[in-house]
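This report concerns only the one structure given below.
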Amino acid sequence: MQTIRVWDLPTRLFHWLLASAVVGLVITANVGGNWMNWHLRLGYAVLTLLLFRLVWGFIGGHWSRFGSFLYAPSSLLAYLRGRAKPDHRVGHTPLGALSVFALLLVLLAQVTTGLMSDDEISFFGPLVRFVSGDTVALATSYHKNVGKFIVLALVVLHVAAIVFYKWVKKENLVRPMVVGDKQVAPGLALPQASDSVATRALALMILVVCGGAVAWLVRLGNAF
């Protein structure tokens with residue numbers, strides 16, 4: 001077996017920070033009360049992370065780029081039939097790619113509707129002032145009654161897939177996301193993910209810019 005760097009440090013940190021933030025969002029939403037202040041903060045953190053991932057999906061390490069796991073339907077069928085190309089089993093598989101894109105889209109929808117939601121008690125998103133009452137009502141309804149259950153369902157499926165790969169396919173998907181490296185068959189000419197000090201510094205700069213953009217959005221909403 002040969003060892004290659006699959007997940008760069010920024011991608012790994014994004015993954016675990018996003019997972020922690022989503023768990024925190026679920027807990028604070030169900031507890032309610034003053035914990036909703038933390039719900040809002042965690043929502044802003046998730047938005048920052050999602051914006052970072054969208055940028056990093058174009059300039060990050062090879063296996064973190066969207067282009068490395070944009071598969072044709074034929075590749076998905078081949079994977080499901082057990083005839084996937086070797087490089088389609090290294091980073092996000094054709095089936096795993098669907099999960100990644102679904103989670104990103106659903107979380108973006110959940111955060112966006114949260115920015116326009118109003119609980120009619122004491123908490124409301126910073127974009128409430130800029131949209132109509134009907135839009136606020138629709139966004140609030142989706143955020144509270146639809147979106148959160150879709151997020152939970154995708155998270156459960158994600159965890160179930162990890163367990164399935166661990167116990168049925170004997171493949172540990174968690175370890176590479178912790179250490180960054182993965183054992184693959186020898187002789188395969190596979191690219192290494194760039195994970196130098198320079199790329200990590202670039203990732204930090206992008207994260208700061210994304211955080212600044214979210215902070216500006218929040219201040220804009222509170223300024224009126």
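Taking CZ of R175 as the start and NZ of K166 as the end, the distance is 10.0 Å to the nearest 0.5 Å. Summarising the geometry, atom CZ belonging to F52 is positioned 6.5 Å from atom OG1 belonging to T11; distances are rounded to the nearest 0.5 Å. Between the CG atom in L54 and the CG atom in L108 there is a gap of 5.5 Å [rounded to 0.5 Å]. Residue L80 holds its CG atom at 6.0 Å from CG of L95, rounded to the nearest 0.5 Å. The CG atom of L49 sits 6.0 Å away from the CG atom of L18 when rounded to the nearest 0.5 Å.
A donor-acceptor pair under 3.5 Å is formed between the side chain of T113 and the backbone N or O of A109. Under the 3.5 Å distance criterion, the side-chain polar atoms of T140 are matched with a main-chain donor or acceptor of V136. For K170 (side chain) and W167 (main-chain N/O), a donor-acceptor pair under 3.5 Å exists by modelled atom type. Of the possible polar contacts, one joining the S20 side chain to the W16 backbone as a donor-acceptor pair under 3.5 Å is found. For the pair S68 (side chain) and H62 (backbone), a donor-acceptor distance under 3.5 Å is present.
Note: the hydrophobic cluster containing I206 does not contain L204 (ILVMFWY, side chain heavy atoms under 4.5 Å, direct or indirect links). Hydrophobic clustering keeps V208 apart from I59 (ILVMFWY residues linked when any side-chain heavy atoms are closer than 4.5 Å, directly or through intermediates). Note on L51 and W216: same hydrophobic cluster, where clusters join Ile, Leu, Val, Met, Phe, Trp and Tyr whose side-chain heavy atoms are under 4.5 Å apart, directly or indirectly. Put simply, V178 and V6 are part of the same group of oily side chains (I, L, V, M, F, W, Y) that touch within less than 4.5 Å, one to the next. Hydrophobic cluster membership differs between L105 and L157, with clusters built from Ile, Leu, Val, Met, Phe, Trp and Tyr side chains linked at under 4.5 angstrom.
Nearest approach of G61 to A193, heavy atoms of both residues: CA-CB, 4.3 Å. Scanning all heavy atoms of the two residues, the minimum distance from M116 to L127 falls at CG-CB, 3.7 Å. Between D119 and F123, the shortest heavy-atom distance links the atoms OD1-O, 2.8 Å. Residues Y44 and P126 come closest through the heavy atom pair OH-CD, 3.6 Å. Shown here for H39 and A29, the closest heavy-atom pair between the two residues is CE1-CB, 3.5 Å. The minimum heavy-atom distance linking L188 with Q2 is given by the pair O-NE2, 2.9 Å.
Residues K182 and M177 fail the side-chain proximity criterion, which asks for heavy atoms closer than 4.5 Å. The shortest distance between side-chain heavy atoms of N37 and R41 falls below 4.5 Å. For the pair H143 and Q110, the minimum side-chain heavy-atom distance is below 4.5 Å. Put simply, the side chain of L217 reaches to within 4.5 Å of the side chain of L115, judged on heavy atoms. Side-chain contact between L103 and H158: present, with at least one pair of heavy atoms (C-beta onward) separated by less than 4.5 Å. Side-chain contact between T93 and F69 is absent, with no heavy-atom pair separated by less than 4.5 Å. Residues L76 and L98 have side chains in contact (heavy-atom distance under 4.5 Å, counting atoms from C-beta outward). Between L104 and R53, some side-chain heavy-atom pair lies under the 4.5 Å cut-off.
Using cut-offs of 30° and 60° on the angle between ring planes, the pair F58 and F66 is perpendicular. Using bins of under 30°, 30° to 60° and over 60° for the plane-to-plane angle, the ring pair Y71/H88 lands in the perpendicular bin.
Other members of the cluster containing V23 are I27, V31, W35, W38, with ILVMFWY side chains joined at under 4.5 Å, either directly or via other members.
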Worked check of side-chain contact (heavy atoms from CB on, under 4.5 Å) between T199 and S196 = CA-CA 5 Å; T199 58; S196 64; 3.5 Å; yes

task = May I have the step-by-step check of side-chain contact (heavy atoms from CB on, under 4.5 Å) for Y142 and I150, ending in yes or no?
result = CA-CA 10 Å; Y142 174 87; I150 298 177; 4.0 Å; yes

request  = Check the pair W56 / L207 against side-chain contact (heavy atoms from CB on, under 4.5 Å), numbers first and verdict last.
outcome  = CA-CA 10 Å; W56 201 242; L207 181 65; over 6 Å; no

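No side-chain donor from either of S64 and W7 sits under 3.5 Å from a side-chain acceptor of the other. A donor-acceptor pair shorter than 3.5 Å cannot be found between the side chains of W63 and D8.
Every pair passing salt bridge (charged side-chain N to carboxylate O under 4.0 Å, His left out) that includes a residue from residues 192-207 is listed here, sequence neighbours excluded: R5-D195, R12-D195, D195-R200.
N30 CG: more than 12 foreign heavy atoms inside a 6.0 Å radius.
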